[in-house]
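Working notes for the structure below.
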Amino acid sequence: ASAVNVKSAIQPSRVRRADILLGRMYLDGLGVRTAFRKARVYFVRAARRGNRLGYWNLAIIYQTGYGVRRSPAKADRWMAAYCRHNGAAK
């Protein structure tokens, strides 16, 4: 199979899930050295692909200041995005 065929066969939901898992690995140091900024990159990618857990994890990162400057305002914006994508009330 060519690379194009394999790439098109990958389900988007699995890619979004992989981004979350990679982000958690870097956030928690699971099998890799802890790297909060790398974790953030994967969570942003997941959020841009529509994975609600990407929004959730970004809210937590900004609330706690893991690898970023602590920002309750950004945390609130990411949590609001999570709520919109989760169908929950703000």
Side-chain angles (χ1 to χ4, degrees):
S2 71
V4 173
N5 291 338
V6 172
K7 190 174 182 181
S8 65
I10 296 173
Q11 296 176 355
S13 63
R14 290 182 188 246
V15 172
R16 290 189 302 262
R17 176 91 173 129
D19 289 331
I20 292 298
L21 293 175
L22 286 166
R24 291 303 305 191
M25 285 175 58
Y26 282 109
L27 186 67
D28 297 331
L30 301 172
V32 295
R33 190 176 295 242
T34 300
F36 297 129
R37 289 183 181 170
K38 281 187 180 181
R40 182 189 167 280
V41 167
Y42 285 108
F43 294 145
V44 167
R45 186 184 302 176
R48 286 182 178 159
R49 291 178 174 165
N51 187 313
R52 63 189 170 91
L53 292 177
Y55 298 108
W56 173 266
N57 283 296
L58 286 164
I60 299 303
I61 283 175
Y62 280 102
Q63 186 66 37
T64 58
Y66 288 153
V68 296
R69 180 172 291 184
R70 190 173 178 277
S71 173
K74 285 184 181 181
D76 289 346
R77 283 197 303 267
W78 284 113
M79 188 55 69
Y82 168 80
C83 291
R84 280 192 309 274
H85 284 82
N86 200 35
K90 292 184 184 177

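Nothing here was measured: the structure is a model prediction, and the numbers come from that model. Along the sequence shown, the residues carry numbers beginning at 1.
The backbone N or O of L53 sits less than 3.5 Å from a side-chain atom of N51, completing a donor-acceptor pair.
Note that CG of L22 and OH of Y42 are 5.0 Å apart. Values are rounded to the nearest 0.5 Å. Here the CD1-CG distance, from I60 to L27, works out to 10.0 Å after rounding to the nearest 0.5 Å. Of the inter-residue distances, the one linking M25 atom CE with K38 atom NZ reads 10.5 Å to the nearest 0.5 angstrom.
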For this session: Take D19 and F43 through the test side chain to side chain contact (heavy atoms under 4.5 Å, CB included) and record every step on the way to the result.
Result: CA-CA 7 Å; D19 289 331; F43 294 145; over 6 Å; no
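Closest approach of G54 to A46, counting heavy atoms only: CA-CB, 4.2 Å. Between Q63 and A75 the shortest heavy-atom distance is OE1-CB, 3.4 Å.
Inspection of the R24 and N57 side chains reveals an N or O donor paired with an N or O acceptor under 3.5 Å.
Cluster annotation: V41 is not connected to L58 through the hydrophobic network of ILVMFWY side chains, with a link wherever side-chain heavy atoms come within less than 4.5 Å. Hydrophobic clustering places I20 together with M79 (ILVMFWY residues linked when any side-chain heavy atoms are closer than 4.5 Å, directly or through intermediates).
F36 CZ: more than 12 foreign heavy atoms inside a 6.0 Å radius.
Ring orientation note: the planes of Y55 and W78 are tilted relative to one another, at an angle of 30° to 60°.
Applying the salt bridge (charged side-chain N to carboxylate O under 4.0 Å, His left out) rule to pairs touching residues 66-83 yields nothing, sequence neighbours excluded.
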